[in-house]
Amino acid sequence: MDNKIKIGVYPGSFDPLTNGHLDIIKRASKLFDKLIVGVLHNDSKKAIFSMEERVALIKKCTSDIPNVEVEFFKGLLVDFVRERNATAIVKGLRAVSDYEYELQMAMLNKHIDKELETIFLMADIQNSFLSSSAVKELAYHGGDISGLVPEVIKEDIVVKLTKPLH
Ligand code: PNS
């Protein structure tokens, strides 16, 4: 038995955070001493919410979970994971359709660092259809996103999406 603290990283775009993401964060936080939510800062990937906004929204929803930290990262996920002395990447799996892509990423990350494990948590059945894109689409067209995103950030999302985007 080693006594090192166990750190996990839950990476993603989180544009924006959904109830599906929050469920994974809550469950993964129980598996590690510390869980770092890693928000991808990707200049080439167009996000509706800025990196700062995405981090702030996640912090707002996780402030009551003491062992969760939220940070952004640039570059390779494995480098971020190593820098934080984490031992595992956490990903959520919704449907079989997620599997192929996630398997490829997990294998690639394992190829880069043999010591690194990717742990998959199955999405709760009620979140199995949920995605950030669906939330954005719904909010943009004036649909009700209640129950799809945490209540404390619902208004932030509605305001952002109903404002002219350019
Ligand atoms: O929420 P997403 O968009 O599905 O998250 C994807 C994410 C951030 C996990 C993935 O794009 C990622 O790990 N990006 C960092 C770059 C990287 O390490 N790529 C894999 C090896 S090429």
Side-chain angles (χ1 to χ4, degrees), residues 6-29 31-32 34-62 65 68-140 145 148-150 153-154 156-157 160-161 165:
K6 291 263 180 269
I7 303 172
V9 169
Y10 177 43
S13 307
F14 305 109
D15 185 42
L17 182 87
T18 68
N19 275 344
H21 296 132
L22 186 58
D23 178 53
I24 299 290
I25 292 172
K26 285 179 179 166
R27 288 159 56 198
S29 70
L31 302 175
F32 297 94
K34 180 161 91 178
L35 181 74
I36 302 171
V37 181
V39 183
L40 179 67
H41 185 298
N42 188 347
D43 297 328
S44 62
K45 196 173 171 185
K46 256 188 118 99
I48 298 281
F49 292 84
S50 72
M51 207 272 308
E52 291 80 6
E53 285 171 333
R54 286 179 281 148
V55 168
L57 291 178
I58 302 169
K59 283 188 173 168
K60 212 167 162 180
C61 300
T62 56
I65 318 173
V68 169
E69 290 177 10
V70 189
E71 285 183 51
F72 74 86
F73 74 98
K74 281 181 174 185
L76 286 181
L77 173 60
V78 281
D79 290 336
F80 177 65
V81 171
R82 283 191 195 128
E83 280 161 21
R84 295 293 177 272
N85 293 316
T87 48
I89 295 167
V90 176
K91 298 298 304 269
L93 275 186
R94 287 165 301 190
V96 182
S97 49
D98 279 342
Y99 181 77
E100 204 171 336
Y101 172 73
E102 292 299 345
L103 177 69
Q104 189 187 8
M105 295 298 271
M107 291 300 141
L108 202 50
N109 288 332
K110 188 93 180 159
H111 173 78
I112 303 170
D113 186 341
K114 299 269 173 290
E115 295 298 310
L116 198 55
E117 296 296 345
T118 302
I119 295 175
F120 292 101
L121 296 184
M122 298 304 153
D124 190 282
I125 191 83
Q126 70 187 31
N127 298 322
S128 60
F129 63 94
L130 191 50
S131 67
S132 297
S133 318
V135 165
K136 283 182 282 195
E137 178 101 6
L138 203 55
Y140 181 70
I145 57 169
L148 305 182
V149 298
I153 60 169
K154 192 177 101 179
D156 298 296
I157 296 170
K160 181 83 175 179
L161 269 297
L165 294 177

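Counting convention: from 1, in listed order, for ligands and their atoms alike.
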K91 neighbourhood, listing ligand 1 atoms whose heavy-atom distance to it stays under 4.0 Å: 9 (C)

Within-shell test, G38 vs ligand 1, heavy atom, strictly < 4.0 Å: no

Element-labelled atoms of ligand 1 that are located less than 4.0 Å from some non-hydrogen atom of G75: 15 (C), 16 (C)

Proximity to ligand 1 by part of L76, non-hydrogen separation under 4.0 Å: both

Residues in ring-ring contact (aromatic ring centres under 6.0 Å, His included) contact with F120, at least two apart in sequence or another chain: none

Over 12 non-hydrogen atoms of neighbours within 6.0 angstrom of OH in Y99: no

Atom pair CG (N109) and NZ (K114), whose distance is rounded to the nearest 0.5 Å: 11.0 Å

I36 CD1 to S29 OG distance, which is reported to the nearest 0.5 Å: 13.0 Å

Full working for side-chain contact (heavy atoms from CB on, under 4.5 Å) between V55 and F14: CA-CA 8 Å; V55 168; F14 305 109; over 6 Å; no

Check: E102 N/O within less than 3.5 Å of ligand 1 N/O: no

Ligand 1 atoms in contact with L108 (distance to a heavy atom under 4.0 Å): 21 (C), 22 (S)

Inter- and intrachain pairs under side-chain hydrogen bond (donor to acceptor under 3.5 Å, both in side chains), touching residues 116-129, at least two apart: K110-E117

Nearest option to atom 17 (C) of ligand 1, as decided by whichever heavy atom of V39, L40, L77 sits closest: L77

